[in-house]
Engineer: 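I'd like to ask you about the structure that follows.
Since this is a predicted model, take the numbers as computed values, not measurements. When a residue number appears, it is its place in the shown sequence, counting from 1. Start at 1 and go down the list; that is how both ligands and their atoms are numbered.
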Amino acid sequence: MIDLRTRYLGLELRTPVIVAASGLTRSADAVKECAAADAGAVVLKSIFEEQIEAELASGEDAHLPGRQLPEAYDFIKNHGRDQAVEKYLETIAEARAVVDIPVIASIHCVSAGNWTHFARKAQDAGASAIELNVFIPPMDARRTGAEIERTYFDIAREVHHAVSIPVAMKIGPYFSGLSNFAVNLSKEVDALVLFNRFFRLDFDIDRMTLVPASMLSDPSEIEMPLRWISVLSGRVHGDLAASTGIHDGRGVVKALLAGANAVQVCSALYENGLWYLAKILAELRAWMESQGFSSIDEFRGKMRQLGSSDPSSYERVQFMKISTGIE
Ligand SMILES: Cc1cc2nc3c(=O)[nH]c(=O)nc-3n(C[C@H](O)[C@H](O)[C@H](O)COP(=O)(O)O)c2cc1C
């Protein structure tokens, strides 16, 4: 018997594959479909910090504390004030009522403002955990790396303080000292999700305008989370979830071998439909069977860097082998 159970955020997941925050998890009905497809958990589509702050502010021109991105607030003021907070809390409660898998609420945020009290409301509505998708693009030349990193810590502490349920933080890879930052950040949250996928831009050279690049990842993008999870597994406090570029059962196996407690999948399900989750899980089961593993704990982290006999040269050796072989 193959046992696919895993523990993530102190929760027992019946399978290690979580449906990532996206339109696939936008409603209780959508969450029900994910559960029927054997997802281990779902992360609800995010509510934006700006939506929460906009509802907290009483008048149109009210001062919005913690305001980092005025354009985002203006956008929300015009498009997103439709009782977003209440609807989000309802979705949490409805989703929890119709499925028996963990339902993780998600907040997309850039600062530790007044909105952090919302995390408590999400807990009271029944959220099993909170995932903070922190997205602070390091494009403002006036903000130092240290300032940006401090904001991540502030958000983590404020939200952790507000709730008693587990808190995960989904971050990007763009930090100058990623290992040190991730280890320190992991002391403030219960799990790190590596990585979120920055909104990507492209140029339309005929119209000379900016256009969004592909919203969906491709399988080669797994290389980034794979490298960092294998580096950080055993070094961070708490759990790790892999996100970005996991498109099949092999990707799930790789992330678990690197040391992930769970994986999050999004683009592959958009491309193929939710039924594809069954295929991913069947591939994982088949691989475990072929290797003689009956549970995930038997192989999780087997390929992490910490297990290597010489961790410091691990990557350099790989590079040297490849570069000396190519003329
Ligand atoms: C259409 C779409 C909507 C998304 N919405 C959210 C969201 O609300 N919150 C969030 O944290 N991530 C969101 N994401 C990012 C995904 O959760 C995930 O991190 C990203 O797509 C990388 O995983 P993948 O390679 O499996 O697609 C969205 C992605 C897509 C494609």
Engineer: How about Phe299 and Trp287: are their ring centres within less than 6.0 Å of each other?
Structural biologist: yes
Engineer: Given a heavy-atom cut-off of 4.0 Å, could you list the residues near ligand 1 in chain and number order?
Structural biologist: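 Heavy-atom contacts below 4.0 Å: Ala20, Ala21, Ser22, Lys45, Ser46, Asn133, Lys170, Met215, Leu216, Ser217, Ser243, Thr244, Gly245, Val265, Cys266, Ser267, Tyr270.
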Engineer: Tell me every residue that passes side chain to side chain donor-acceptor pair (under 3.5 Å) with Asp297, counting only those two or more places apart in sequence or in another chain.
Structural biologist: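 With sequence neighbours excluded, Asp297 shows a side chain to side chain donor-acceptor pair (under 3.5 Å) to Arg300, given in chain and number order.
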Engineer: Checking Tyr276 now: which residues fulfil ring pair (Phe, Tyr, Trp, His ring centres under 6.0 Å) with it, not counting sequence neighbours?
Structural biologist: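 Result, ring pair (Phe, Tyr, Trp, His ring centres under 6.0 Å) vs Tyr276: none returned.
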Engineer: Is any NZ, NE, NH1 or NH2 atom of the basic residue among Glu55 and Lys121 found under 4.0 Å from an Asp or Glu carboxylate oxygen of the other?
Structural biologist: no
Engineer: Quick one: are Trp115 and Val159 in side-chain contact, heavy atoms under 4.5 Å?
Structural biologist: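 A side-chain contact exists here, since the closest heavy-atom pair is under 4.5 Å.
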Engineer: Which residue pairs satisfy the salt bridge (charged side-chain N to carboxylate O under 4.0 Å, His left out) criterion with at least one member in residues 34-44, sequence neighbours excluded?
Structural biologist: Arg14-Asp38
